[in-house]
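Here the structure is laid out as C-alpha cells; the discussion comes afterwards.
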Protein chains: 2
Amino acid sequence: MSLRHAVLAALLSGEYSGYQLTKAFDVGVANFWYAQPQQLYLELSKLENDGLISGREVVQQTRPTKRLFSVTDAGLAELERFAAATSKPSFIRDDLLVKVQAVDHVEVAPVIEQLDQRAAAAAAKVEILDKLLRRFRGDLDEETFLRDGTPIGPYLTCLRGKRFEQEHHDWCVRAAALLRDRAARPLPAPR
Amino acid sequence: MSLRHAVLAALLSGEYSGYQLTKAFDVGVANFWYAQPQQLYLELSKLENDGLISGREVVQQTRPTKRLFSVTDAGLAELERFAAATSKPSFIRDDLLVKVQAVDHVEVAPVIEQLDQRAAAAAAKVEILDKLLRRFRGDLDEETFLRDGTPIGPYLTCLRGKRFEQEHHDWCVRAAALLRDRAARPLPAPR
DNA sequence: TATGATTACTCATCATTCTGAGTAGGGAGA
DNA sequence: TCTCCCTACTCAGAATGATGAGTAATCATA
C-alpha cells in the first residue's frame, strides 16, 4: 500500500489535480514511484474518501473543470506514521535485466537494440532531472542548497533518481558495446 | 508476467530446486527480480504445467526429497520470444524514497535511522555481489572476462546489481549525514 | 474543415504480487 | 529431551498494480 503514500508525499509540494499528478509522475515523482494515470485517479478518490486529502473544484473557462487536492492533517499524520514504520528493502525489477541474464542462450541482436533504446531514454531522463535539480536550488550551488535549502526531500529523491538513470545509462552503453563486440568476434560456443 | 521469465532465466545456469531458487533469489537473481519463496514455488509449478521447465525428483537420505528443475526447449523458445519483445521502462519503487520525499514535513529521526540501516544492508549486498563476480570470472581480470568469458549474462546483471547497491549505499550515507547535520542546526521553519 | 493533440477524468476487469498459515522430518545445541 | 533452526514445500486469499475502453470539450495544425 504505497502508491497511496507516494501520492501523499507528492501532494506535499502543493495542490495538484489528478491530471497534473500524472505529469509529475512522469518526471520528478517517478524517482520514487511510478503509476498509470488511471491508478492515480483511483488512488486520489480513495485518499479523499479516507479524509487524507481534500479536493476543491476549480472551474476554468477554456478547459474542463478540474479538482485540486491537498493533504489534510489526517493525511500528514498518516505520512508521519508511514515514515516511522520499517520499509521494505529496495530492489531492481527490470525486464531488460532478465533478458541480459539470458543473453548467452538467446539471440543477442534484439537485446542489444533494447539496450541502445534504454540508454537513450536514460540519458534523456538524466537531462530532465538535471534541469529539475537546477530549478530546485535556484541560484544556490549544490553544496549550499544541501546544507540550507528547502525543501530538501524532493531534492534528495531527485538526486537519487538522476544517479540511478546515469548508472543505468552507463551500464546499458557498456553492455551493448560489449555484446556487440562479442557478437562480431567468433567465440567458444556457449554451453 | 515476468517473474515467469526471471525464473526461466535463473534456471539457465543449471538445475535448481524451489528451495535453492529462493536462496538464489536472495542474492544473484535479486539483481533483476525479487520474489517470495511462495511465489517461486507457485511459478515453478505453473512453468512445469506449461511445459517450459521439467522437474526430476531427487531422493535424499538425510533431507527431504527435492525436485530439480531445468528449462525445456519450449522454455528456451519462450525466453527467446520474451527477449525480442519490447520491455517496459525501468524505475525505482522504494518506500524509503517516499519517506525522504516527505522529510520536510515529518519527523526526521526515524527516516535517518532507516537510511543508516539501508546503507548497512546495501554495503553488505555489495560485498556479496563482489564475491559473486570474482567467483564468476575465476582467475581472469574483469576486462578479459568481459571480452571472452562466459556466461556473460549473469556477470552483467550482477555488475548492474553491484553498482545499484553501491549507489544506493552512497546516497543513503550522504542523505543521512545531511539530514543529521540539518537537524542539529537551527533552520528556517519549513513551509 | 477535418484531424489530431491536449486537458481532465471514469469505470470495469484482469494480472500480478504479497501475506499468513501450515506440514513434516532431521540435526544441533542447552 | 526440549526447543529451535534448517531443508523443502503447499494452499488460500488479500492487496496491489496494470490495462483497455470510454467521455467530452477545446485548441492548434494542415
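Numbers restart at 1 for each chain; the letters A, B, ... are given by sequence-line order, proteins then strands.
Closest approach of B:Tyr34 and A:Arg93 over heavy atoms only: O-NH2, 2.5 Å. Of all heavy-atom pairs between B:Leu129 and B:Gly161, the closest is CD1-C, 3.6 Å.
Atom CG in B:Leu21 sits roughly 13 Å away from atom P in D:dT10 (whole-Å rounding). Taking atom CG on B:Leu40 and atom P on D:dT7, their separation rounds to 15 Å, with Å as the unit. Summarising the geometry, the separation between NZ on A:Lys46 and P on C:dC9 is reported as 18 Å, rounded to the nearest angstrom. Following rounding to the nearest Å, A:Tyr16 (OH) and C:dC9 (P) show an atom-to-atom distance of 15 Å. Between B:Leu68 atom CG and D:dT7 atom C1' the separation is 13 Å, expressed in whole Å. D:dC9 atom P lies 9 Å from atom CG of B:Leu44, rounded to whole Å. Rounded to a whole Å, the CD atom of B:Gln60 is 8 Å from the C1' atom of D:dT7. Separating the CZ atom of A:Arg4 from the P atom of D:dT16 is a distance of 9 Å, rounded to the nearest angstrom.
Nucleic acid contact for A:Thr22: none, since no nucleic acid atom lies under 4.0 Å from a heavy atom of the residue. At the heavy-atom level, A:Gln38 lies under 4.0 Å from base atoms of the strands shown. When heavy atoms are screened at a 4.0 angstrom cut-off, A:Leu42 is found touching no nucleic acid atom at all. Within 4.0 Å of B:Thr65, counting heavy atoms only, lie sugar-phosphate atoms of the nucleic acid but no base atom. Residue A:Ser17 is in sugar-phosphate contact alone, with no base atom involved, counting any heavy-atom pair closer than 4.0 Å across all strands shown.
Checking D:dA18, C:dT17, C:dT6 against every side-chain atom of A:Tyr19, the shortest atom distance belongs to C:dT6. Taking the side chain of B:Thr62 as heavy atoms from C-beta on, and the options D:dC9, D:dT19, C:dG27, the nearest nucleotide is C:dG27. Of the candidate nucleotides D:dT7, D:dG17, D:dA18, D:dA18 has the atom nearest to the side chain of A:Gln36.
Salt bridge annotation for A:Arg81-A:Glu78: present, with a cationic side-chain nitrogen under 4.0 angstrom from a carboxylate oxygen.
Distances shown here put a side-chain N or O of A:Arg93 below 4.0 Å from the OP1 or OP2 atom of C:dC18. Distances shorter than 4.0 Å separate none of the side-chain N or O atoms of B:Tyr41 from OP1 or OP2 on D:dT10.
Contact annotation: the side chain of A:Arg118 approaches that of B:Ser87 to within less than 4.5 Å [non-hydrogen atoms, C-beta and beyond].
Nearest-nucleotide assignment on DNA chain D puts the 5′-proximal partner with A:Leu3, out of A:Arg63 and A:Leu3. Projected onto DNA chain D by closest heavy-atom contact, B:Ser45 and A:Tyr34 fall at different nucleotides, the more 5' of which corresponds to B:Ser45.
Taking the centre of each ring, A:Tyr155 and A:Phe145 come in below the 6.0 Å mark.
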